[in-house]
Structure formats: C-alpha cells, structure tokens
Amino acid sequence: MKSRDRLRIAIQKSGRLSGPARDLLERAGLAFRESRDRLFCFGESLPIDLLLVRDDDIPGLIADGVCDLGVVGNNVLEEQAVAREQQGLPAAYAAVRQLGFGGCRLSVAVPQEWEWNGPADLAGMRVATSYPQLLGRWLRENAVDAEVVELSGSVEIAPRLGKAEAICDLVSSGATLLANQLREAAIIFESEAVLVAPAMACSAYATASW
Ligand code: ATP
Ligand code: ZN
C-alpha cells in the first residue's frame, strides 16, 4: 500500500447509512468541501478526505488500500469476507467498531401460510437472496440442501414471480415482508453499521483509546 499524508474514509454515497455516517463524522469535528461530482470530498478541518461510493464497494476499497477506513453494514462486510474465504483469499479487513446505527437482520422469510418447522423445511427449495454467501454458510451449518437463487434487488417479490419458494433478505420493521404476504422464519445474521479498517491496521485501532 502506498503511504499518503491524508487519511481517506469511504462512506455510502446515498442510502440508509449515508446520513448517519455524515452525522458521525461531523460530530467528530470533521468538515468537508463538497466537490461537484460528490464522489470525493476534501477535508477542511483535518487531513481526512471522504470518498462517497456504493456500500458494496467499500470492503474492496479497504482491501485494495484505496481507503483507510470505511463505514458499512456488517452484513455487506461479512458477505464479502465469506466470498474471499471461499476463494482462499486471506482476510483483508475487519470491523473495528460497531457504530450503533443501521441495525437490521438478515432473515429467511416464507409465505405466510407456510407452517415453519425449522431450516430442514427448505430442503429442495429455491431461496432468493442478495446475500448468497451468508445464506450458503447458514444452509451448510444446518446441513440443508437448498438452491440459492441470487437476485440483486426486489428479492421480496421472488415467491410471487415463481422464482423461489422462500427468500433471505434484510429486515428491520418487517413491513416489507408483511406487504408481500411473507413472514420472518429464521434470523441468520444480525447486523449494524461498523467502522472497517484493513486487517493489518486492526490491532493498532484495537489498542487506541477510543
Ligand atoms: P447502494 O446504492 O449503496 O448499493 P443499497 O441499496 O445496497 O445501496 P441501502 O438500502 O441504503 O443499500 O442499505 C444500506 C445498509 O443499511 C444495508 O446494507 C444494511 O446494513 C442497512 N439496513 C438497515 N435496515 C435495513 C433494511 N430494512 N433494509 C435494507 N438495509 C438495511
Ligand atoms: Zn449496496
């Protein structure tokens, strides 16, 4: 990794975590000059700049040494960490701190009329998700042989479209599930926003007094 004289923090450009992440940095005394393309914000109060990106890109930016810190949902971080592990790659980053916002859970949900008896119900079924790694790991842990159908969005309508029998998606209030005649059957991962740093830097952050 090239050394830089300014720190670079990656946060979500627009979405659920962008407002709380900006507030957090502001409360820490950081002020930024907005650039026209709003991708890069120059830090005016300290030598700390911001990169505004899609949340899915944040783990990779940390792994590649493009950014020194990031704010991202632990669900995204863990999904990509499992993918790296599956490819035999070493851990490149780690969560150094939970941030207390962006709380949600990754859950398996089934049509409301389904009498849920446990993970074994999914044997031979298709489960739609944007989190194939976390779902795959949970299915393996429960020794369930189900087909993982990867979708990038609108996972909740997959059963109605005949693409899958069940889904695995992020849930906070449960309103989206209810609106789609689905009910939460099993929580497979609990998440919140975390501060992520390169694996090499993590021991230093762990010993820092904050
Ligand atoms: P991007 O355009 O950056 O890829 P996105 O659509 O993937 O955005 P958002 O929907 O803004 O992401 O969600 C960002 C994060 O917010 C999630 O990864 C998760 O950690 C958290 N989150 C909290 N509650 C929910 C929820 N009910 N549904 C989805 N994500 C939630
Ligand atoms: Zn995303």
Side-chain angles (χ1 to χ4, degrees), residues 9-27 52-62 69-85 91 93-112 114 116 118-119 121-122 127-142 144 146 148-160 163-197:
I9 305 180
I11 66 168
Q12 193 185 23
K13 182 175 161 74
S14 63
R16 287 183 161 90
L17 303 183
S18 47
R22 292 298 289 256
D23 288 350
L24 177 72
L25 298 175
E26 212 171 282
R27 279 186 277 126
L52 305 180
V53 294
R54 285 202 59 188
D55 63 351
D56 315 76
D57 293 336
I58 293 176
L61 289 168
I62 302 285
L69 285 173
V71 174
V72 67
N74 204 19
N75 47 302
V76 170
L77 201 63
E78 189 68 7
E79 173 72 14
Q80 296 195 21
V82 176
R84 287 183 67 90
E85 199 181 294
Y93 42 74
V96 290
R97 193 175 179 129
Q98 298 202 313
L99 295 175
F101 57 83
C104 58
R105 49 203 190 270
L106 184 64
S107 292
V108 169
V110 296
Q112 267 161 10
W114 188 319
W116 179 255
D121 280 12
L122 296 172
V127 188
T129 190
S130 306
Y131 292 86
Q133 301 294 341
L134 293 180
L135 173 60
R137 182 173 73 181
W138 182 81
L139 290 169
R140 284 193 299 279
E141 283 167 3
N142 285 281
V144 175
V148 176
V149 178
E150 187 174 350
L151 297 178
S152 56
S154 306
V155 168
E156 65 279 2
I157 59 167
R160 269 192 290 156
K163 286 185 174 175
E165 284 71 41
I167 69 162
C168 172
D169 203 7
L170 294 175
V171 183
S172 44
S173 70
T176 306
L177 294 184
L178 203 63
N180 289 281
Q181 293 99 51
L182 298 168
R183 69 184 177 92
E184 199 170 354
I187 296 174
I188 76 166
F189 189 78
E190 301 217 52
S191 184
E192 69 176 84
V194 294
L195 189 67
V196 53

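The structure presented is a predicted model; accordingly, all values stated were derived computationally and were not measured. This chain uses plain numbering: 1 for the first residue, then up along the sequence.
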What's the shortest heavy-atom distance between [X] and [Y], and which atoms?
{"X": "Ala81", "Y": "Tyr93", "result": "N-OH, 3.4 Å"}
{"X": "Val76", "Y": "Pro59", "result": "CG1-CG, 4.0 Å"}
{"X": "Leu17", "Y": "Gly102", "result": "CD2-CA, 3.7 Å"}
{"X": "Val155", "Y": "Cys168", "result": "CG1-O, 4.2 Å"}
{"X": "Leu69", "Y": "Ile62", "result": "C-CD1, 3.4 Å"}
{"X": "Ala166", "Y": "Leu122", "result": "CB-CD2, 3.8 Å"}

Hey, does [Y] have a side-chain heavy atom less than 4.5 Å from the side chain of [X]?
{"X": "Val144", "Y": "Leu139", "value": "yes"}
{"X": "Asp23", "Y": "Phe101", "value": "no"}
{"X": "Ile167", "Y": "Leu177", "value": "yes"}

Calculate, to the nearest 0.5 Å, the distance between atoms [atom1] and [atom2] belonging to [X] and [Y] respectively.
{"X": "Ile11", "Y": "Leu25", "atom1": "CD1", "atom2": "CG", "answer": "5.5 Å"}
{"X": "Leu182", "Y": "Arg160", "atom1": "CG", "atom2": "CZ", "answer": "8.0 Å"}
{"X": "Ser107", "Y": "Leu135", "atom1": "OG", "atom2": "CG", "answer": "11.5 Å"}
{"X": "Ile58", "Y": "Ile9", "atom1": "CD1", "atom2": "CD1", "answer": "11.0 Å"}
{"X": "Leu151", "Y": "Ser130", "atom1": "CG", "atom2": "OG", "answer": "6.5 Å"}
{"X": "Leu52", "Y": "Gln12", "atom1": "CG", "atom2": "CD", "answer": "10.0 Å"}

Can you establish whether the number of heavy atoms outside Lys163 located under 6.0 Å from its atom NZ is more than 12?
-> no

Carboxylate-amine/guanidinium contact Glu85 Arg137, below 4.0 Å = no

Keeping [X] on the side-chain end and [Y] on the backbone end, is there a donor-acceptor pair under 3.5 Å?
{"X": "Thr129", "Y": "Tyr131", "answer": "yes"}
{"X": "Arg183", "Y": "Leu178", "answer": "no"}
{"X": "Gln133", "Y": "Glu79", "answer": "no"}

Flag for Glu156-Thr176: side-chain donor and acceptor within less than 3.5 Å = no

Using atom types as modelled, flag every donor-acceptor pair under 3.5 Å from a side chain in residues 185-197 to any protein atom, sequence neighbours excluded.
residue : atom : partner : partner atom : Å
Ser191  : OG   : Asn74   : N            : 3.3
Ser191  : OG   : Asn75   : N            : 3.0
Ser191  : OG   : Asn75   : OD1          : 2.9
Glu192  : OE2  : Leu99   : N            : 3.3
Glu192  : OE2  : Gly100  : N            : 2.5

